[in-house]
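I have placed the structure first, in the form of structure tokens, so that the comments after it can refer back to it.
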Amino acid sequence: MSASNDVTVRTRVTDLLGCRHPIVQAPMGWIARAQLASAVSNAGGMGIIETSSGELDAVKDEIRKMRDLTDGVFGVNIAQAFVRDPHIVDFVVGQGVRFVTTSAGDPPKYTAQLKAAGLTVFHVVPTLAGALKAVEAGVDGLVVEGGEGGGFKNPRDVASMVLLPLVASKVGVPIIAAGGICDGRSMAAAFALGAEGVQMGTRMVSAAESPVHDNWKDAIVGAAETDTVFLNRFSKPGLRALRTERTTRLEHEDHVPMTEFGKALDLYFGGDMEAAIALVGQVTGRIESVEPVAKVIDDTMREFASVVGGLHRLLPA
Ligand SMILES: Cc1cc2nc3c(=O)[nH]c(=O)nc-3n(C[C@H](O)[C@H](O)[C@H](O)COP(=O)(O)O)c2cc1C
């Protein structure tokens, strides 16, 4: 297979989302903005614009920029626990996007309103119970998020290897797998476990077009698979982050308050890795270089085809 343009995979996810490749860039506060998301959409994936920063005016500008930077499709994430603006659904519908992921909250809350406005809605779930509730609420699909992923997590985290086939065996809607995916081999594994699309978070934080400071990208490239910590195991909000001096200290605390994120932007864009908490997944241990998004997506599709082909050849002719 010479180029990823030769490799296309048609699934219910590509059909519903209208993108060429079933690869979604994760929503991430301040990071999932036009510079990164347009690179993903231009490469045939699904770029997502965040709202979890709560900066809806800035988000509106980013959506406007998307229309200048790409002809590709893109979506918006509503991180329910972070955006409590009662007009958030009107806001998102008003931006003219066709695809929304809802996360960090109760699935029935916005689904009916978003569906009534004609949007395609996927809800992010960390458990089977959450998946069943979301399906009951009428979502078009699920983002099934394993506990190895970076970001806010259910404190009773379940790895993708268990969660994906469990949810896939109990629901009929299409699944996008999130958590631990950075390349074609992990995408093929997710498909074997029941997914029809994948979402990459940590891999996209470290991409060339990601707006974060190089110190964060270098930390991802340099980290081992054991270099994440789980904070608030017995409290809320549970989250998986990069191991630093700060998070190693916090790991032992009963409750880590949100104020620990106070200087987030000094970390995100100033490069001070001890200023706040860098959300990162265990897959950091598999990321070996900073690459442009187009290369990440091309390489992923090519490797996916090669891995699936290799498995197929194991079967008797
Ligand atoms: C820096 C960072 C910020 C994130 N912010 C959000 C968010 O705003 N909304 C959301 O639904 N998920 C968020 N997540 C979780 C991602 O959407 C994604 O599911 C997760 O990163 C997948 O695991 P991976 O890091 O192994 O790829 C965030 C993850 C990271 C690493």
Side-chain angles (χ1 to χ4, degrees), residues 23-33 36-37 40 45-55 59 75-83 88 100-105 107 110 121-126 130 134 142-154 157-161 163-164 175-183 186-187 189-190 195 197-207 210-213 216-217 219-220 223 225 227-231 237-242 247 261 264-265 267-269 273 276-287 296 300:
I23 300 176
V24 180
Q25 159 249 313
M28 299 178 283
W30 290 279
I31 302 169
R33 293 197 172 180
L36 177 61
V40 174
M46 176 53 103
I48 301 283
I49 298 288
E50 58 89 15
T51 58
S52 52
S53 63
E55 297 177 352
V59 166
V76 170
N77 170 244
I78 301 177
Q80 298 175 194
F82 302 98
V83 187
I88 185 71
V100 166
T101 59
T102 51
S103 59
Y110 298 129
V121 182
F122 276 49
H123 189 70
V124 181
V125 294
L142 300 169
V143 178
V144 173
E145 196 177 49
E148 63 271 68
F152 289 84
K153 294 268 112 29
N154 188 319
D157 56 320
V158 181
S160 296
M161 183 71 116
L163 188 62
L164 277 170
I175 290 173
I176 296 171
I181 295 147
C182 67
D183 59 6
S186 43
M187 176 173 159
V198 293
Q199 173 167 290
M200 296 184 190
T202 304
R203 176 92 236 195
M204 292 297 175
V205 180
S206 68
S210 158
V212 305
H213 195 280
W216 190 349
K217 299 183 190 183
I220 289 173
E225 78 280 16
D227 284 339
T228 67
V229 298
F230 197 104
L231 303 182
L239 49 94
R240 186 175 295 286
L242 184 70
T247 58
F261 278 94
L265 300 189
L267 185 155
Y268 280 42
F269 306 115
M273 296 304 291
I277 297 170
L279 301 173
V280 157
Q282 290 175 341
V283 74
T284 187
R286 297 199 58 226
I287 297 170
V296 171
T300 296

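As the structure lists them, so they are numbered: ligands from 1, and atoms in each ligand from 1. Count residues from 1 along the sequence.
- For ligand 1 and Ser52, the ligand atoms under 4.0 Å from any heavy atom of the residue are 7 (C), 8 (O).
- Compare Gln80, Glu145, Glu50 by their heavy atoms: the one nearest to atom 18 (C) of ligand 1 is in Glu145.
- The contact set between ligand 1 and Gly179, taken as ligand atoms under 4.0 Å from a residue heavy atom, comprises 22 (C), 23 (O), 26 (O).
- A donor-acceptor pair is defined here as one N or O able to donate and one able to accept, closer than 3.5 Å; such a pair exists between the side chain of Thr202 and the backbone of Gly281.
- Within ligand 1, the atoms closer than 4.0 Å to a non-hydrogen atom of Gly180 are 24 (P), 26 (O), numbered from 1 in the order shown.
- Contacts between Val143 and ligand 1, counted as non-hydrogen atom pairs separated by less than 4.0 Å, are absent for every part of the residue.
- Shortest contact from atom 9 (N) of ligand 1 to any protein heavy atom: Asn77 OD1, 3.2 Å.
- Of the N or O atoms in Ser103, one or more lie within a sub-3.5 Å distance of an N or O in ligand 1.
- Atoms of ligand 1 lying under 4.0 Å from at least one heavy atom of Ala26, given by number and element, are 16 (C), 17 (O), 18 (C).
- The closest side-chain heavy-atom distance from Ile277 to Thr247 is below 4.5 Å.
- In this structure, the protein non-hydrogen atom closest to atom 14 (N) of ligand 1 is Pro27 O, 3.6 Å.
- By the 4.5 Å heavy-atom criterion applied to side chains, Ile181 and Arg203 are not counted as neighbours.
- Val280 places none of its side-chain heavy atoms less than 4.5 Å from the side chain of Val205.
- Taking every heavy atom of Ala178 and a limit of under 4.0 angstrom, the matching atoms of ligand 1 come to 19 (O).
- Within the listing of ligand 1, atoms 24 (P), 25 (O), 27 (O) sit less than 4.0 angstrom from a heavy atom of Thr202.
- The protein heavy atom nearest to atom 31 (C) of ligand 1 is Leu279 O, 3.3 Å.
- A donor-acceptor pair is defined here as one N or O able to donate and one able to accept, closer than 3.5 Å; no such pair exists between the side chain of Glu50 and the backbone of Pro27.
- Numbered from 1 in the order shown, with element, the atoms of ligand 1 that lie under 4.0 Å from a heavy atom of Val283 read 26 (O).
- Using a 4.5 Å cut-off on side-chain heavy atoms (C-beta onward), Glu145 and Ser103 make no contact.
- Partners of Phe152 by ring-ring contact (aromatic ring centres under 6.0 Å, His included), not counting sequence neighbours, listed by chain and number: Phe82, Phe261.
- The N/O atoms of Ile31, backbone and side chain alike, include none that comes under 3.5 Å of an N/O atom in ligand 1.
- Residue Tyr268 places no N or O, backbone or side chain, under 3.5 Å from any N or O of ligand 1.
- A distance-only check finds a donor-acceptor pair linking the side chain of Lys217 to the backbone of Ser210 [under 3.5 Å].
- Contact of the Pro126 side chain with the Lys153 side chain is not registered, since no non-hydrogen atoms from C-beta on lie closer than 4.5 Å.
- Looking only at distances, no side-chain donor or acceptor of Gln199 sits under 3.5 Å from a matching main-chain atom of Ile176.
- Among protein heavy atoms, atom 20 (C) of ligand 1 sits closest to Gly150 O, 3.5 Å.
- If you check which protein heavy atom lies closest to atom 27 (O) of ligand 1, you get Gly201 N, 2.8 Å.
- Below 3.5 Å of separation, one finds no N or O of Gly149 facing any N or O of ligand 1.
- Rounding to the nearest 0.5 Å places CD1 of Ile78 at 11.0 Å from NE2 of His123.
- Ligand 1 has no N or O atom lying under 3.5 Å from any N or O atom of Trp216, backbone or side chain.
- Thr101 places no side-chain N or O within 3.5 Å of a backbone atom of Phe122 that could act as its donor or acceptor partner.
- For Arg203, the closest heavy-atom approach to ligand 1 does not fall below 4.0 Å.
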